[in-house]
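Per chain, numbering begins at 1; letters A, B, ... match sequence-line order. These numbers come from the heavy atoms of this one structure, side chains and all, not from hydrogens, waters or symmetry mates.
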Amino acid sequence: MSTFAVVVFPGSNCDHDAYHAMKHVLGQEARFVWHKESSLDGADAVILPGGFSYGDYLRSGAIARFSPIMGEVARFAAAGGPVLGICNGFQVLLEAGLLPGGMRRNRRLKFICEHVHLRVEQTDTPFTRLAARGRVLRIPIAHGEGNYYADPETVAALEANRQIIFRYTAPDGSRDEAWNVNGSTAAIAGLCNAARNVVGMMPHPERACEAALGSEDGRVILESAVVALAAAAAGGVEQRAAAAQP
Amino acid sequence: MIDQQTIEAHGLTADEYQRVLEILGREPNLTELGIFSVMWSEHCSYKSSRLHLRKLPTRGPRVLQGPGENAGAVDIGDGLAAVFKIESHNHPSFIEPYQGAATGVGGIIRDIFTMGARPVALLDSLRFGSLDEPHTRRIAEGVVAGIAGYGNSIGIPTVGGEVAFDESYAGNPLVNVFCLGIAGADALILGRAEGAGNAVYYVGAKTGRDGIHGATMASAEFDEKSEEKRPNVQVGDPFFEKLLLEACLEVMRTDALVGIQDMGAAGLTCSTCEMGARGGSGIEIDVRRVPQRESGMTPYEIMLSESQERMLFIVRPGREAEVERIFEKWDLHAVRIGQVTGDGLLRVRDGGALVAEIPAKALADEAPLYDRPASPPADLPRRQALDPGALEPPPPAEALAALLSSPQIASKRWVYRQYDHMVRTNTVVPAGMGAGVVRVKGTGRALAFAVDGNGRYCYLDPYRGAQLAVAEAARNVACAGAVPIGATNCLNFGNPERPDIMWQLARAIDGIADACRALEIPVTGGNVSLYNETDGEAVHPTPVLGVVGVIEDARRVLGRTFRRAGAAVVLLGDATPELGGSEYLKRVHGLVRGQPPALDLERERALQRLVAGAAADALIESAHDCAEGGLAVTLAECCFQSGGIGVDAAISEPSGGGDRGAAAAALFGESASRVVVSVADGREGDLLARAAEAGVGALPIGRSGGDRYRLAVGGTTMIDAAVAELERVWERGLARYFEDEAA
Amino acid sequence: MKATVFVTLKPSILDPQGKTITEALHTLGYGSVRDVRQGKYFELDVDAADAEQARALAATVADKLLANPVIESYRVDVEG
Amino acid sequence: MKATVFVTLKPSILDPQGKTITEALHTLGYGSVRDVRQGKYFELDVDAADAEQARALAATVADKLLANPVIESYRVDVEG
Ligand SMILES: Nc1ncnc2c1ncn2[C@@H]1O[C@H](COP(=O)(O)OP(=O)(O)O)[C@@H](O)[C@H]1O
Ligand SMILES: [Mg+2]
């Protein structure tokens, strides 16, 4: 069993959801880590959950990146540890410079909460290794500032390095600007860093892990991490970084 | 000295001022006058409604806390309580839609966590004028964004609600918000100050000059002068309230508190005096110690400020440091501002100076009580007169399209899409699919709740209209598979000093009382919002009912849409041909006339039990109550959001004979106590047998399936249309006012 | 022609954004920033004959849409 | 001393807020407002010996927190 650290910023509000999914749905060890702490205490993976970390009146994630725990998260990521930023967690990763790009308000400015369709673009990350490439997942979004932006050179680099992990698509997986729900550059819904161990995504996989909630498509993302960690553990702790490689 | 003008400016009548003199045994100073004026405002004292509210049934085996505290509570099993209440923020939302609605959400959430409950869901009940008016669209946009802005940020899902449109709300929208929380049944925390010498603490946002006289504003009708009162609007800070919420819940787990109360309307005044009065003790505070956001605030201003996100609490002796530490963890500073005393007085100091001294109990409990004159509006007979035979009905398919595209009936997706309705991962019925339903983690149960009200019905007959609101809210909950166990209400009316309005209010309360008694649903609290008028024009009388129900087995939860093709469709309940007060009359004939639908509470109760029981035993797969738009609209809504499942249904010739008015009534009449269900495979016989046993009419009317909507009356096909086509009309009906097709 | 509309919350109104930023800056060690208030501004590119007309248009638009006079006040600047 | 920091999205980046406002204004009949871009500004009340120091402090704070250099640019004004 692996231990997932769920970081709690004062305005996090999907922390309990991530915890519930990891612990009660997937049967893993899960632990809350208060943002003022400076240790991840041996966790195997880190989840930065959704919410409004500091009210996010200025910019989503802008203040959270200065929380004491973020230094530790950066070190953990640099050492190859798997980190998943969901929604606000993704925004925090962008603000912290752990992932490239930035967020604007949604194209139509309104907050949007609904199920969307995501196409899995790459599978060689700890959070997608169980998914088939091209598979379309139905997972909810809930954000007002999820309109991802990166300049053309950055996008070209992301494409070249295969760092775009999820895209908003039509239900059949075809790309169509009408289904790019928030107006993101290149319909990007999620991406990873160059080392592929840090993944940020706007949709909420933890909200799509139980049939009672309307979709189980998010499980493949969280289960991928469980399998990746198990594989890494089997291969020796030092090789945790290798978890990212399929 | 206090002169006549000052007394009037504080909204106190001569008689009321006389009573102040009697209570004090002397003249009040200005601070004291201010304190009396807010405590005795309609908003805080319920002086016009209290007498009538006593008629509501408030007791029941499951009731843990009835009216009088910050919120009511009912036992939901497993040692847990559902804590819930509804609040209005009508006036502020007209002045500043975003912030008015947002702070309304903040206020009701505080009421819930003050009771020691973790808030788990919100519902909103909204009324606006006609969307053809640009100003109304702006108000609607702002209100919805404000509810979203606050609820989404603090992380409490808005899982449902209702919204309706009528010209009577153009200058006075209604914004009612319901919140439900879950607490340990034996861990409810009450708002009382006890134990002389115990410390009184203030925690939360600093006090500014916000909303001074907000409570009196909410008690006076709008006129041109209200423009000047505008700076009283407050800005909400959901992030700060989130800190307050988490910190308070953490403190409450320690049993270090004696009592806690949020500072809502009338701020520090109301919270100190009510806590003192409830605890039968006195309370003394020093306004100098109150954290202040602005400089130069007077004791008067500090006592009357309505700054948001503030709480007052009493700590057990010796536990102060522990409590302060928890607040520090959340970056909040709890400040000791006074202590509980034994002399029954509310005493306010400004450093060394005594600035107010008032008997707390008299201030809180001896507020004036009015039995205001009431008489029905002169034009009531004209309102209730309707001759359906004189109407020239359009072809049914056209009428259906008109109804589906009415913003009143159309999909509310434009609204709930802006609300995070999924956070906390408990929402087991998707938004827009019926009542709000959340599971209770750690138990097998779920809770269902709905808010309902129909101002048009109440305008035509407040007594029956209010009963219908109770029945519909409870029926919506039953349609989710739940047994209703408690209710709350928000009474939105005009100026009670007018006998016709007072009559509406009294009749509506009678209606709620009788309906709740018959349906055995105790009322555990509520809110009264009066003076909802602009330039002498009152809104339609609008009691909004919130009903909470329990589903023993969360896996048996139902939504309103068909789940598969080939299911038998059964109409439960009986229709009487009637069109009074219907959306059809309004939409198609431009009339608000007639008698609202008849209601037999015994039959209603039998129907609700039947539906909840059939759901629990998995006899049915979906249930949707027939409400606005009648059977024709209800059937269409069963098809919508189902992935395009159609229906083929037929009902018999209406009893009124062959005239076209009778056909319209059969299709679009809003007869109460009816539910359309789709039946589990092979269980139709069981369902019909049970219905017969319960004395509930049950009419198999057709089957789900195909991609068309077909409805025949007396052998004649009235409507035959592609579901996709109807659904598109319904999807755009509200959204078209706010966004172009592409969005 | 360019007109800029500056919108701020009226001085007595709580500014949660400014407050949160101030607190964050203090935590980060910038105690010498005593207070922050946040506002928004709008750069309008307008068709106008002269500065006066541009100013008038910007003010109308501010009244109508950009500012809510209940809690906000605004100021118009015209350049050139 | 007062320093003001103005933050906008970089010119090359589509500004959804500005675009929505422009469209709303056109719908309301203000076609002569050709384009709108929205920004935010921060009025800082700072402890500083002189204007230069205030400007430097404001710039530091803008770099650190008030602006996100990936998508935004900023400008500092010091008054007095
Ligand atoms: N203001 C609102 N906020 C959230 N959800 C809403 C709102 N208005 C309507 N809904 C949702 O849309 C659906 C249809 O609402 P309504 O037509 O009032 O249903 P019903 O006829 O069953 O009472 C319900 O699920 C309701 O919760
Ligand atoms: Mg309804």
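- For B:D420 (side chain) and A:A142 (main-chain N/O), no donor-acceptor pair under 3.5 Å exists by modelled atom type.
- Rounded to the nearest 0.5 Å, atoms OG (A:S53) and NZ (B:K242) are 11.5 Å apart.
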Please walk me through it: do A:L213 and B:T427 pass side chain to side chain contact (heavy atoms under 4.5 Å, CB included)?
-> CA-CA 7 Å; A:L213 302 177; B:T427 311; 5.6 Å; no
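- Contact of B:Q418 with chain A is made through backbone and side chain together, with heavy-atom distances under 4.5 Å.
- Highest contact tally toward chain B, considering only A:C14, A:G144, A:A212, A:A211, is held by A:A212 [criterion: heavy-atom pairs under 4.5 Å].
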Working for side chain to side chain contact (heavy atoms under 4.5 Å, CB included), residues A:C113 and B:R417 = CA-CA 5 Å; A:C113 176; B:R417 188 188 195 217; 5.8 Å; no
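- Rounding to the nearest 0.5 angstrom, the gap separating the CD atom in A:E114 from the OH atom in B:Y416 is 9.5 Å.
- Side chain of A:N13 to backbone of B:N152: a donor-acceptor contact under 3.5 angstrom is found.
- For the options B:E246, B:H421, B:R555, B:E141, heavy-atom pairs under 4.5 Å to chain A are most numerous at B:H421.
- When A:K36, A:H16, A:E206 are compared by the number of non-hydrogen pairs under 4.5 Å with chain B, A:K36 comes out ahead.
- Scanning all heavy atoms of the two residues, the minimum distance from B:P238 to A:Y57 falls at CD-OH, 3.1 Å.
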Evaluate side chain to side chain contact (heavy atoms under 4.5 Å, CB included) for B:K441 paired with A:H20, printing each intermediate quantity in order.
-> CA-CA 10 Å; B:K441 286 196 187 108; A:H20 170 78; 3.6 Å; yes
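- For the set B:A554, B:A148, B:S153, B:G155, the count of heavy-atom pairs under 4.5 angstrom toward chain A peaks at B:S153.
- With a threshold of 4.5 angstrom between heavy atoms, B:K329 approaches chain A through its backbone and through its side chain.
- Contact check for B:R439 versus A:E210: side-chain heavy atoms found under the 4.5 Å cut-off.
- Both the backbone and the side chain of A:Y54 come within less than 4.5 Å of a heavy atom of chain B.
- If you measure heavy-atom distances from B:I156 to chain A, you find no contacts under 4.5 Å at all.
- B:D237 touches chain A through backbone and side chain together, each having a heavy atom under 4.5 Å away.
- Checked against the 6.0 Å centroid criterion, the rings of B:F239 and A:F52 do not qualify as a close aromatic pair.
- Side chain of A:K110 to backbone of B:W414: no donor-acceptor contact under 3.5 angstrom is found.
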